[in-house]
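Residue numbering restarts at 1 for every chain, and letters A, B, ... go by the order of the sequence lines.
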Amino acid sequence: MKPRVRFAPSPTGYLHIGGARTALFNWLYARHHGGTFVLRIEDTDQERSTPKSLQAILDGLAWLGIDWDEGPGKDGPYPPYFQMKKLDRYREVAEQLIAEGKAYRDYTTEEETAAQRKAFAASKGLTEKDDLRRAGFKYTSPWRDSKEKRDQPFVVRFRMQPCGERIGFDDLVGGRHEKPDEDLDDFVLIRSDGIPLYNFGCVVDDHDMHITHVARGQEHINSTFPQLMVYRALGWTPPAFAHIPLILGQDKEKLSKRRHPEADVRAHQQNGILPHALLNFIARLGWSHGNDELFTRQQLIELFDFSGVGKANGVWNPDKLLATNQHWIKAGDPADVARAVLPYLRDAGVPEVLADERLGRAVKAFQPRAKTLVEMAQAIKPYYLRGVTIDGAAAAKHLDHTGKELLKKARALLEATADWSAPQLDPIVDKLATETGAKKGAIAQPIRVAVTGGTTSPGIGETLELLGRAETLHRIDAALGN
RNA sequence: GGCCCCAUCGUCUAGCGGUCAGGACGCUGGCCUUUCAAGCCGGUAACACGGGUUCGAAUCCCGUUGGGGUCACCA
């Protein structure tokens, strides 16, 4: 049977880097096995869900190249893919559980529940919720299936009937997980407004959508137990689970949107990270294949398996992300990189630029020199402008009297060059060095400073070719003070 | 705090009873060189601790310590 997996984000913010990795692992698993990747929107948090967030998540996935087979905009056999569109279905399943005595209507209001907590706390001289649990607080409904409150709003609670049994599952990553059923409370399935809670909606949907493998963050390990109870009560077979270790910030805390800017996938896009580089990096955070570090998209698909996923949480390492990005910029096809750098060039203030042959050459020159697309755009920009501002220190060092004399000689040779191409341009430095007895650096640096304004650039030939004959001579003349 | 999970260089990790404990990032020495990169060669650095099991433990078991997660009418 082909696996059916899903990524089920809640549209309450941008695509989180942890979510992106969860999506990636699911996607890779589906693609590896020729299965189906489902995107389901868990929009039951009415307080926080927004259309804008939904769009941000969709955009993030699209940018990363993670496509779904069923989900928003892609009809599949088990719609709908938005939880808010199948409220009746949850209600129907809940009613079934109630009818079978496995769940009940609880007419207790939130206020009453809170009061019960407070009373318990007071009796123990405590205040904190956490302390209540330690002190043995266990919720019991005063209004379970109450007849007299028949027309009042109610929540549907799962009826735990602990019998000292250990419930458990075999995790594809973490191995066996067990917990005594006494540890579970009567948890809420459906809120008083008729909207299901995560532990219920998710079970119903995974079942309805024929999900075979649920890969999600380790923070969900504990919620797996109540979900297992629901599966059992309904007589449904649970999917296989794979709980993926978390990504921690450099402070070793769980990557949070509040404290960690790197948690935002868009931040990396803005910083000039190639989508594939980010994919490669987050794949390696938690998953490994021997000593390999760099993977193409195709290789990831071929090699990925949950058996390669480790158990320990991983710390975000910006340096390594950068190194990975640098690699893929360098290794990429110049035309592809050119296309990728285009938006960054526009942002840098080079609106007229096109992904043409000339940009291709510029990209090629800077591929080994840029760690990010932002850097590359910055580096390329001066080649698209008329004239250049020369750095004072660079001028002082290389455009002194002798520097200018050599520059004049170079200019003459340059002007006489018929074929304005790197292979023709480069030897001029050697030629002049031989003629004048000056060192190559003494020839090349004044030229470099004159045409780029600074002391660093790609090879002289490449640089001049990129600039073009007219602009090169123009800048040299300007540097010579003509 | 209860419950759950985890533990190899600073970081990501390989290792699945016998290895000089390997790779990558970072840091660092050198080579190359017309600058800057890139590239190439080398170096630095780890099995958290304590008990077992075993002829032999990074690998298996227990405990300690440390880190993380989770305890809602959020997901």
Atom of Val265(A), atom of Ala20(A) and distance for their closest heavy-atom approach: CG2-CB, 3.9 Å
In Watson-Crick or G-U wobble terms, with both distances under 3.5 Å, the base opposite G42(B) is U28(B)
Taking N and O atoms by type only, does the side chain of Lys320(A) place a donor or acceptor under 3.5 Å from a partner on the base of C12(B)? yes
If only side-chain N and O atoms of Ser288(A) are considered, is one of them under 4.0 Å from the OP1 or OP2 phosphate oxygen of A14(B)? yes
Using atom C1' in both nucleotides, what's the gap between G43(B) and C25(B) to the nearest angstrom? 16 Å
Closest nucleotide among C6(B), A38(B), C73(B) to the Arg191(A) side chain: C73(B)
Select one nucleotide: of C73(B), G23(B), U70(B), the one nearest the side-chain heavy atoms of Glu293(A). G23(B)
Please report the distance, rounded to the nearest Å, between CG in Asp183(A) and P in C3(B). 8 Å
Complement of A7(B), any strand, by Watson-Crick or G-U distances under 3.5 angstrom: U65(B)
Value in whole Å for how far the C1' atom of A75(B) lies from CD of Gln46(A): 13 Å
Regarding the side chain of Glu253(A), the nearest nucleotide among A38(B), G68(B), C4(B) is G68(B)
Looking across every strand, which nucleic acid part, if any, lies under 4.0 Å from Val155(A) by heavy atom: base, sugar-phosphate, or nothing? base
Hey, do the aromatic rings of His268(A) and Phe281(A) have their centres closer than 6.0 Å? no
Pairwise side-chain contact, Arg91(A) with Ile190(A), heavy-atom cut-off 4.5 Å (strictly under): yes
Separation between the P atoms of G23(B) and A14(B), rounded to whole Å: 15 Å
Determine the interatomic distance between C1' on U54(B) and the same-named atom on C60(B); round to the nearest Å. 10 Å
Closest to the side chain of Ser192(A), out of U35(B), U34(B), C73(B), is C73(B)
Separation between the C1' atoms of A57(B) and U8(B), rounded to whole Å: 14 Å
For G18(B), which nucleotide in any strand shown is its Watson-Crick or wobble partner with both distances under 3.5 Å? C55(B)
Atom CE in Met84(A), atom OG in Ser49(A): separation rounded to 0.5 Å? 8.5 Å
Side-chain atoms of Val188(A) come closest, of C73(B), C4(B), C36(B), to C73(B)
Pairwise P distance, G29(B) and G66(B) [rounded to whole Å]: 38 Å
Measuring from the side chain of Arg48(A) (C-beta onward, heavy atoms only), which nucleotide among C36(B), C74(B), C4(B) has the closest atom? C74(B)
Distance, rounded to the nearest Å, where Lys439(A) contributes NZ and U34(B) contributes P: 11 Å
Pair Asp205(A) + Arg6(A): basic N to acidic O under 4.0 Å: no
What's the closest nucleotide to the Leu197(A) side chain, out of U70(B), U35(B), A75(B)? A75(B)
Using the P atom as the reference point in each nucleotide, state the distance between C32(B) and U13(B) in Å, no decimals. 38 Å
Nearest-Å distance for atom pair CD1/P, residues Ile380(A) and A37(B): 18 Å
Closest to the Thr109(A) side chain, choosing from G10(B), C73(B), U13(B): C73(B)
For G22(B) and A45(B), measure between their C1' atoms and round to the nearest Å. 14 Å
Find the distance Tyr90(A):OH to C73(B):P and express it as a whole number of Å. 19 Å
Could you tell me whether Tyr104(A) and Phe158(A) have their ring centroids closer than 6.0 angstrom? no
Quick one: sort the His289(A) and Trp287(A) rings into parallel, tilted or perpendicular, breaks at 30° and 60°. parallel
Using a heavy-atom cut-off of under 4.0 Å over every strand shown, decide if Asp426(A) touches base, sugar-phosphate, or nothing. base
Considering heavy-atom distances to RNA chain B, does Ile190(A) or Gly461(A) have its closest nucleotide positioned more toward the 5' end? Gly461(A)
When you get a sec, tell me which of C4(B), C12(B), G68(B) is the closest nucleotide to the side chain of Leu246(A)? G68(B)
Check every strand shown and say whether Asp319(A) touches a base, only sugar-phosphate, or nothing at a heavy-atom separation below 4.0 Å. sugar-phosphate
State whether the distance check finds a donor on one side and an acceptor on the other, under 3.5 Å, for side chain Asn291(A) versus base G22(B). yes
Looking at every strand, decide which applies to Pro180(A) at a 4.0 Å heavy-atom threshold: base, sugar-phosphate, or nothing. nothing
When rounded to whole Å, the CG to C1' distance for the pair Leu248(A) and G69(B) reads 10 Å
Write down the distance between CZ (Arg284(A)) and C1' (C25(B)), rounded to a whole number of angstrom. 10 Å
Provide, to the nearest angstrom, the distance between the CG atom belonging to Leu255(A) and the P atom belonging to G68(B). 14 Å
With rounding to the nearest 0.5 Å, note down the distance linking CD in Gln326(A) to CD in Gln367(A). 11.5 Å
Counting the atoms with a prime plus P, OP1 and OP2 as sugar-phosphate, which does His220(A) contact under 4.0 Å by heavy atoms, base, sugar-phosphate, or nothing? base
Please determine, for the side chain of Arg157(A), which listed nucleotide (A37(B), A75(B), C73(B)) has the closest atom? C73(B)
Return the nucleotide paired to G2(B): Watson-Crick means purine N1 to pyrimidine N3 with N6-O4 or O6-N4, wobble means G-U with N1-O2 and O6-N3, both under 3.5 Å. U70(B)
Separation between the P atoms of A24(B) and G42(B), rounded to whole Å: 10 Å
Result for 5'-nearest mapping on RNA chain B, choosing between Gly308(A) and Trp316(A), is Trp316(A)
